[in-house]
Each structure stands twice: as structure tokens, then as C-alpha cells.
Amino acid sequence: MTLLNAPPARGGDSLAPQGLIARGAGAQMAAQNADIARTFRRMADLLEIEDANPFRVRAYRRAAETLDDLAEPVARLLARGADLSDLPGVGEDLAGKIAEISRTGRLAALEAVEARTPSALAQLGTIPGLGPRRIRALHERLGVVTAADLKQACLDGRVRRIPHFGRAFETRLLTALRGGAAAAARRRLAEAEDDAHSLQARLERAPGVARVVVAGSFRRRQETVGDLDLVVAAPNGTAVGDALAAFEEVATVMAKGPTRTSVVLASGLQVDLRVVQPDSFGAALVYFTGSRSHTIALRERAKARGLKLNEYGVFRGDTRIAGRTEEDVYEALGLAFIPPELCEDRGEIAAGAQGRLPRLIALSDIRGDLHVHTDASDGRESLDAMVLAARARGYGYVAITDHSAHARVAHGLDVTRLSAQLDAIDRLNARLQGIVALKASEVDILKDGRLDLPDEALARLDLVVAAIHSDFGLSRGEQTRRLLRAMDHPRVSIIAHPTGRLLGAREGYAVDMDAVIAHARNRGCALEINAHPSRLDLNDIQARAAKSAGARLSIGSDAHTSLGLGHMRLGVDQARRAWIEPQNTLNTRSWPELKALIAR
DNA sequence: GCCGTTTTCGGCCCGACTGTTTTCAGTCG
Ligand SMILES: Nc1nc2c(ncn2[C@H]2C[C@H](O)[C@@H](COP(=O)(O)OP(=O)(O)OP(=O)(O)O)O2)c(=O)[nH]1
Ligand SMILES: [Mg+2]
Ligand SMILES: [Mg+2]
Ligand SMILES: [Zn+2]
């Protein structure tokens, strides 16, 4: 199979019209999938403000999601002569529009809409409580286009005179506008975990609470989360909502009712709480775990079978036939239980109907860690400490993969220092029971694809992990050739963090992931799912493409401290989102099995 | 705008909370 998308959107949406997609100076390259998706979302936002058919609006959003889920660039699909209308949610019309954007970087239909409805209006939708209808009213009645216009209109007292606005809403708008009006940024999954567990633990002590689960994107283990969504089983929802609202870190209570409470913490993190009776807890979990599109697909399936699904249960007429557990709910819909990590409407419902869900990898399948640093390079702890910590985690092996000398800021090891480390590993293994430390390296891939260590040095290693840490700016072709050449080296068993992306900080370098995956498969070289919370590289979609192509994965913690070994589970989470099974992965095997596998 | 072991036309998930809405629209999950 194929490649990816560029990582999510680049930074903040600009106010500039999107009909013409800005490109780097002179670079006349095809629009990327993410650009096309962004164009469709912009189209949907503006059509919605124009009060277009909501299902037409939804069609653009659905197609945008499909594009985000695509592992292969549209330009390549087109070059291959593929029929884009085979993609879910893409028909004749949108297939043509995708091709148009891919070819020209523009969408005439969007430019036509923008001529009537300024693109900047869509930005106002990021202000809480401001939706398409109100934006339309502000535009039509007051000529508001930008946030600055809106602020002035509020100050003039013109907003309150529009029907359905009122003084309270005007005040709320002003507050939001003074606060910069920016919606809180998504945060990395790992950064939400402390808040999630703390909220969960305290809500468990709230009145009458039987169960608390953090659902939403957090439970699906999405790499970033927009908020925290908690589902609680309790007889009295108001009492639980009161308890949440009273937590000291709560800055604002956005909404509060008998079953739902929404608050914003001082940190800016939003927390949505949903409380149901215990006999609805399973249905509420299905609802609040999402994803939205997964849930909608389930509800459509229920309807097609003469049933109704909501957050209280599965109903035939007025009779509830399921609701207490998620398994019951899925079963009532003719489905096997679908693990949260798969609930993205990426084929899991069809698989669940046919009993073809994957046997997902779990943390307990992991037999060792193949990416670990020590204080010899940029790690913080000694070789002994790291190996003992790995043993304490129950691993049978741990690969010591310090950097090579080219990685100067990481204090990489030259041949002499590496040789000393290998001797130290031999001595450690001689006296250590229960785990074997593998002599390894995270060797730099030089600009031309050669490795930063001579073959004589590599020959002493049990395992060679290769990675790019420099020259991120090469062209797509050069970067791809560089990676393929590294994989051609017979001793290279794993490519670490194959795209180099850093969540929220840096897009991956330009590379033809399709070609990388195909070459990895042909060379028997594994691609890493780097479990570092800022990397998660490959991502879920890329890793799934790698699995589909028959390439192997390796999940490595990239630990720089003994605590960092614990990041392994974040990598496993992403592997699960990629539908990966134990046999797709190197480090679900014993060292003897692994050794046989990488010998080539 | 998409889509079809009920359909090629007529559907498209379903419910909670807010506010000035006096009978429900708008927004959000
Ligand atoms: N039925 C239905 N459920 C929805 C809808 N929107 C959201 N949900 C459910 C599924 C979501 O996973 C869950 C939480 O909503 P969120 O807006 O927090 O989304 P989610 O957590 O999936 O992603 P996030 O990281 O918060 O952006 O609520 C909807 O329009 N219809
Ligand atoms: Mg959420
Ligand atoms: Mg939410
Ligand atoms: Zn590393």
C-alpha cells in the first residue's frame, strides 16, 4: 500500500482566502491531501454560513475526513488512474473537485462562494457559542466580517438588538474576544494523562458514583486530544456535576444540567462530563467514546435494522434491548465489541460485522525495547540503570541504541567510544540474569544515505537502528533515496522515527512514504513506531499502511531515562490504532526469534 | 453532495443545555 498525509494542519488558520492555496516560492507542486481537506472544510464552513443544505455541508466534511485518512497522496492516485469516486463519501462531483485542487491548487467553486461570503467569517466560528446562523446574522445585519468588526459591534451595543442575541450573549462575546478568542490548542495525549487520572480519581469519590471512564479521543488514544470527556455511572447527575464544578482547578462552568456538565480548567483544558444511570453506562460509553463518525455509522446501522441507538441504549420501539455494557450494545447491533482505538470509521464496523477484527497488539505482548539511550550519548542514566529498569519491566532484552558521532549535540559515540560501550555491555551481560542487553546503535543516516559507522564497527552489533537527524531540508526525491539507501545496508534492521515529525513543533521531512514502506517490505527492514510522546512516528495511518504492505514494525520507547521506558505503551496505543497484531511487530518476539528474523 | 441485500429518489444520528425563545432556535457533544 501507500503513504500518508502531511501531519495535521500547519499552525493557526490564516485569515487569507483559501481558494488559492499558498505555496512555497516557485514550488509548483501538487496540492497535498491535507491542503485539499482544508479547502473542503473551508467550503463547508462558508456554505453552512450561507445556510446551504446541511447534508451538502456534511458531504464536504466527510470527504475531508476521508482525505485525512488516506495513506497515499491524491496526486499519486490520480497518476495511477484511480477512480477517486471509489473513496468513501466521494462521488462524481467531489472527485472532480479533488482533481481540480490537486492539479491547480485552487477550487473555482470555493472562490465563487468566497466572492459572496468572506472567508474570514469562518474564523468567527472558533468563538464558543458562535455558530453559522449567528455569524450569518452578524454579517447580514451588521456587516461584521472580522473579529475586530464584531468587537466594535458589541461595544456599540448593536449586537444585542439582533434576534436571538441579547445582552448576555453580547457580554459573553466581548469576554471571549478580549481573551484573544482563540480556541484552546489541542494537546499531546501524554500531557493530558495526569489531568485525566486526577479527575477520574476524584470523581470516583463523588456522591453515588459507580464508574468513571475517560472516553472521547483520550480513550481512542488519539495522538492529541482537544478536551477530556468523562462518562460516569451514578444515580444523581446533578450531584456529580456539582462535584466537578467545585474542583479547585475549574475556571469556568460552561454548561451544567442534570446529565451533562462542561467546564474549562485554569489550564485551558475543557472537560465534558456525562452522567447516566448504570443500566445505560455501556451505551453512554459507546456514545462518548466516539468517534463522531463511528457513532453516526453505528446509529445508521441501528436504524437500518429497525432499532434506535442513543446514549441510553439500543431500543426496539420503546423497549430497551441493550445498554448496560458496550458488549451488549455492539451485540444488539450484530457486531463484535470494537476496541476504542479502532473507533474511527475506518472500516471497523464492517470488520466487526464479519468477525474480522484484528487481534490487536497489547502492552503485554511486548518482550523487549529496541530503542534506548544511556548517558553515553544524550540519555540521562547509566547503562546499568537502563538495563535494570528494562528488566524490572519484565523485558527479556533491551537494545542499547546510543547515537553515533555525527549526532554531535547528542554527544554521539565514535568508533572508539562505541567499542568501549560494547565491552561494557558484554561485561554487564556476563553478570546479569533475566535480561540480555543488545549491542546496538542508533546510527545516523548521512546526507547521502551512507551510515555514520564503518562496517567493521557495525559488524560487532547485535542490532542496527538507523535514523535521520540532520539535513531535513532535502527534496522529497533526495530524502527518499537517502532512506532507501540506508535500508539497502544489510545490517540495518530498523529505521527509527521514519518521518522525523515532532508533534506540535515540526512537520516531518518530505519523503515518499509509499516508496519507503515498499522498500522496507522488500528489504525485510522494520519501520519504527517511535513511542516518544512528541514523536509517535510512524503515526497510526502510516503504520497501518506499512502493515497492509507487509512491512514489519518495531515499537521503541526512545527512552532517555528509566522512566522513559514507560512510553512504550504510547507506541502500543498507536500500533493498536494502526490495526497492528503481534506478528506484525519485531519486539513481540523472544530475542532468539528476533535474532533469526533480522539475520539476512 | 452522497448513497443503495429494503431504495437510483428521498433520505441523511440523536440528544442536552442555553436563553428572552412564549413554544423553540442555535450550538454543541
Ligand atoms: N452522536 C453524536 N455524538 C457526538 C457528536 N459529536 C461528538 N459526539 C461524541 C463522540 C465524541 O467522541 C464524543 C466527545 O466529543 P468531542 O468533541 O470531545 O470529540 P473527541 O473527544 O472525539 O475529539 P477531541 O479530541 O475532543 O476533539 O462525543 C455528534 O455530533 N453526534
Ligand atoms: Mg474530546
Ligand atoms: Mg468533548
Ligand atoms: Zn533515539
Side-chain angles (χ1 to χ4, degrees), chain A residues 40 43-44 47-49 51-66 84-98 109 124-138 160-173 176 183 215-217 226-231 237-238 241 253-264 270-276 280 283-315 333-334 345 349-350 353:
Chain A
F40 279 0
M43 183 77 166
L47 286 174
E48 201 172 31
I49 291 167
D51 203 19
N53 178 343
F55 303 107
R56 183 172 165 229
V57 171
R58 191 174 116 180
Y60 279 98
R61 298 211 168 109
R62 169 105 201 277
E65 274 183 32
T66 292
L84 295 181
S85 65
D86 288 344
L87 296 171
V90 177
E92 285 303 306
D93 183 80
L94 291 184
K97 289 188 164 81
I98 292 171
L124 296 178
T126 62
I127 299 170
L130 252 199
R133 315 303 290 256
R134 284 176 168 146
I135 292 172
R136 178 179 168 85
L138 287 165
R160 73 186 71 158
R161 293 202 294 272
I162 305 176
H164 294 107
F165 279 72
R167 199 178 198 111
F169 190 74
E170 192 177 79
T171 308
R172 197 169 134 199
L173 280 181
S217 50
D227 65 4
L228 291 176
D229 304 287
L230 285 77
V231 191
T238 303
V253 179
M254 304 290 289
K256 196 170 173 319
T259 74
R260 226 194 76 198
T261 298
S262 284
V263 303
V264 178
Q270 179 165 333
V271 179
D272 294 325
L273 170 72
R274 194 68 203 262
V275 186
V276 296
S280 288
L285 270 177
V286 169
Y287 154 67
F288 225 30
T289 297
S291 67
R292 180 177 188 274
S293 51
H294 172 86
T295 310
I296 289 175
L298 287 181
R299 289 175 180 206
E300 284 168 347
R301 180 180 176 89
K303 187 175 259 205
R305 298 160 91 87
L307 305 171
K308 181 176 73 168
L309 171 65
N310 59 25
E311 59 266 54
Y312 300 105
V314 180
F315 298 84
L333 301 177
D345 195 21
I349 293 177

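Being a predicted model, the structure only gives us computed values, none of them experimental. Chain A is the first sequence line, chain B the second, and so forth, proteins listed ahead of strands; every chain is numbered from 1.
- Residues passing the ring-ring contact (aromatic ring centres under 6.0 Å, His included) test with A:F40, sequence neighbours excluded: A:Y60.
- Comparing the same atom, P, in B:dA25 and in B:dT21 gives a spacing of 13 Å after rounding to whole Å.
- Within the nucleic acid shown, A:V90 comes within 4.0 Å of sugar-phosphate atoms alone, with no base atom in reach, counting heavy atoms only.
- Contacts of A:F315 with the nucleic acid, taken as non-hydrogen atoms under 4.0 Å apart, are absent.
- The C1' atoms of B:dG1 and B:dT8 are separated by 15 Å, rounded to the nearest whole Å.
- Within the 4.0 angstrom heavy-atom criterion, no nucleotide atom of any strand lies near A:F169.
- Taking atom P on both nucleotides, B:dG11 is separated from B:dT7 by 15 Å, rounded to a whole Å.
- A distance of about 25 Å separates the P atoms of B:dC28 and B:dT23, rounded to the whole Å.
- Residue-level contact check: A:L94 touches the backbone only, with heavy atoms under 4.0 Å from sugar-phosphate atoms and none from bases.
- Residues A:E48 and A:R61 are paired through a salt bridge, judged by an N-O separation under 4.0 Å between the basic side chain and the carboxylate.
- In terms of position along DNA chain B, the nucleotide closest to A:T295 lies nearer the 5' end than the nucleotide closest to the other residue of the pair A:T295 and A:G131.
- Backbone-only engagement by A:P258 is indicated by non-hydrogen atom pairs under 4.0 Å involving sugar-phosphate atoms exclusively.
- The residue from A:L230, A:V264, A:D227 that alone fulfils the side-chain contact (heavy atoms from CB on, under 4.5 Å) condition with A:V271 is A:L230.
- Comparing A:D93 and A:I135 against DNA chain B, the residue whose closest nucleotide sits nearer the 5' end is A:D93.
- Shown here are the side-chain contact (heavy atoms from CB on, under 4.5 Å) partners of A:P258, two or more places apart in sequence or in another chain: A:T238.
- In this structure, A:R62 reaches neither bases nor backbone, as no heavy-atom distance under 4.0 Å exists between it and the strands shown.
- With sequence neighbours left out, A:R301 forms a side-chain contact (heavy atoms from CB on, under 4.5 Å) with A:R305, A:L333, A:L335, A:I349, A:A353.
- No engagement by A:E48 is indicated, since no non-hydrogen atom pair under 4.0 Å with the nucleic acid exists.
- Applying the side chain to side chain donor-acceptor pair (under 3.5 Å) criterion to A:D272, with sequence neighbours excluded, gives A:S262, A:Q270.
- With a 3.5 Å ceiling on both atom-pair distances, B:dT8 lacks any Watson-Crick or G-U wobble partner.
- Taking the side-chain contact (heavy atoms from CB on, under 4.5 Å) definition, one finds that A:E92 meets it with A:S85, sequence neighbours left out.
- Taking atom C1' on both B:dC17 and B:dC12, the two are 25 Å apart, rounded to the nearest angstrom.
- From the 5' end on, the contacts that DNA chain B makes with chain A at under 4.0 Å to a non-hydrogen atom open and close at B:dG1 to B:dG29.
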